[in-house]
Amino acid sequence: MARGGGNRSRLLLILLLVSSLFLITLDLRGVNLAGSIRSGVATVFSPVENLFSKLFSPIGNFASDFRNFGQSKSKIKQLEKEVDLLKSKEVLDEDLVGQLSQLKNVLDLAGRGGYKVVAARVINRGSSATFKQTLTIDVGSSDGVSKNMTVISDGGLVGVVKSVNTNSSIVLLMSDPTFKIGVRIAGTQGIGVVSGQGGNKYLLQLLDATGEIKVGDVLVARGSEGGRPFVPGVPVGTVTSVQSNASSITQNADVEGLSNLDRIGVVAVVVSAPKQDPRDSLIPKPAPTVTVFITPTPSPSASN
Amino acid sequence: MSRIRVLNTSILLFAIFLLQETIVSRINFPIDGFSLYLAALMILLSLEDRNGALVFGFIGGLIMDLSVAADTPFGQWALVLTAIGYLFSVNKESIGDFTDSPFIFLVFISLASALSLLLFLVIGAMLGQEIGALTHVVSIIFANTLWSFLITPLFLPAIIKARAALLSNRERA
């Protein structure tokens, strides 16, 4: 009896394994089974994601806020003063204000670059179990979005549209280890390739081993033919350290992204490339420093 | 195992998957992320008999393959979780009774989640997928194991109750 049960289990195991392999083979041979099923699931999930996004949008960042608690401690006193100020004013939804500010800045960036964009709200993030770093945004083919369009935020590049459904799209983030983009060092003709490393750090491989690169250099997207998948001129990141190796045929550098991908709420999808390459015009300008001149007045005792 | 239980358990798994995709994946955990779905599936597999572990491993994998963020071949998770279901079924005796040793049960669930992710990566690499930097991969697997260990006790009773409610009278007896 037990033996019969064991045989049945073995048969079931073989059947299920063969079914899985059959499905994988179908997918790899181009039978678009997964595409249509996943598209259907995305269409079903999109309204639910939208709803949960509205209900739970401040919750998403609670863990990262907790992580930054040490840094935030010093700001608490300053914030307490601001709270008193805010109490006398009409207090708007903090999350909404943040999103409005991000929207304003991203539209400003798009305007300066001459990009035609569709603004979108981030409604979800990809599960870590997929090993892919993705975002779900609330615009899709009905808004004119299609595959391989550049996605930007107020800081610069965010990623590229990976797949599109009617009312939502999946964006592959630039932090994904499979993500690669051709870049130019702003102000020079040095070119290289930036690849994602999983976090907010990226690796730049400069194609010319003798090219000059230094800490603080800003990298901008070189752009692809027809503006797909990348439009030119989008700021990508800043060089934080240079790894010099005389024997290497390429020069490597560590890069920090200009967009904080963990806290992104609003993005813009570039639906049309600019007529002219904006070159370096989108590079963030350093904040002006305030210089205070103090002229010491002679004390009365000194004049006596 | 009745057909109606297979259907009901599949619906339960799909509901957990919906929760995972719409709420849990929105949370920015301090280190990478946590898969509620994978942990819940591991709990279910550990409670099933030999055939149940295989069938629900396969169905659970097919549901996970529906993830809109995934660009892996459809069926890859089904293959991985059928294999994990098999491992559960042949090692069922060594898992023991979780009510006697909940700590070991938690460790088992967390390690099984990690093993699933690792197996998924290995099969992905065999299929020619780019898996990225080793540190990134290790960080994801470690974080998932850690969060599974810490968060699973919060929803473990709910999963057990939900499963018990889906059992037929004959299976309860």
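Here is how names work: the chains are called A, B, and so on, in the same order as the sequence lines, proteins then strands, and each is numbered from 1. From a predicted model like this one, the values you see are computed outputs, not experimental measurements.
Chain B is approached within less than 4.5 Å, heavy atom to heavy atom, by A/K162, A/I170, A/P177, A/T178, A/K180 from residues 161-180 of chain A, ordered by number.
Here the closest non-hydrogen pair linking B/H136 and A/Q197 is CB-O, 3.9 Å. In terms of heavy-atom proximity, B/A78 sits nearest to A/S20 at C-OG, 3.6 Å. In terms of heavy-atom proximity, A/I24 sits nearest to B/P73 at CG2-CB, 4.1 Å.
Most heavy-atom pairs under 4.5 Å with chain A, from the set B/L38, B/L121, B/L62, B/I141: that is B/L121. Here A/I123 is the residue among A/L15, A/I123, A/T25, A/V122 with the most heavy-atom pairs under 4.5 Å with chain B. Chosen from B/S139, B/A143, B/S67, the residue pairing most often with chain A at heavy-atom distances under 4.5 Å is B/S67.
At a 4.5 Å heavy-atom cutoff, the contact between B/V55 and chain A is made by backbone and side-chain atoms alike. With a threshold of 4.5 angstrom between heavy atoms, B/L117 approaches chain A through its backbone and through its side chain. Using a 4.5 Å cut-off between heavy atoms, B/F120 touches chain A through its side chain atoms alone. Of the two parts of B/L127, only the side chain, counted from C-beta on, holds a non-hydrogen atom closer than 4.5 Å to a non-hydrogen atom of chain A. Interface remark: B/E21 contributes backbone and side-chain atoms alike to the contact with chain A (heavy atom separation under 4.5 Å).
Separating the NZ atom in A/K132 from the OG1 atom in B/T72 is a distance of 8.5 Å, to the nearest 0.5 Å. For the atom pair B/I140 CD1 and A/Q133 CD, the distance stands at 6.5 Å (nearest 0.5 Å). In this structure, CD1 on A/I14 lies 9.5 Å from OH on B/Y86, to the nearest 0.5 angstrom. For the atom pair CG of B/L81 and CG of A/L16, the computed distance is 11.5 Å after rounding to the nearest 0.5 Å.
Looking at A/S9, its side chain never comes within 3.5 Å of a backbone N or O of B/N51 through a donor-acceptor pair.
Counting only heavy atoms from C-beta outward, the side chains of B/D65 and A/L23 never approach each other to under 4.5 Å.
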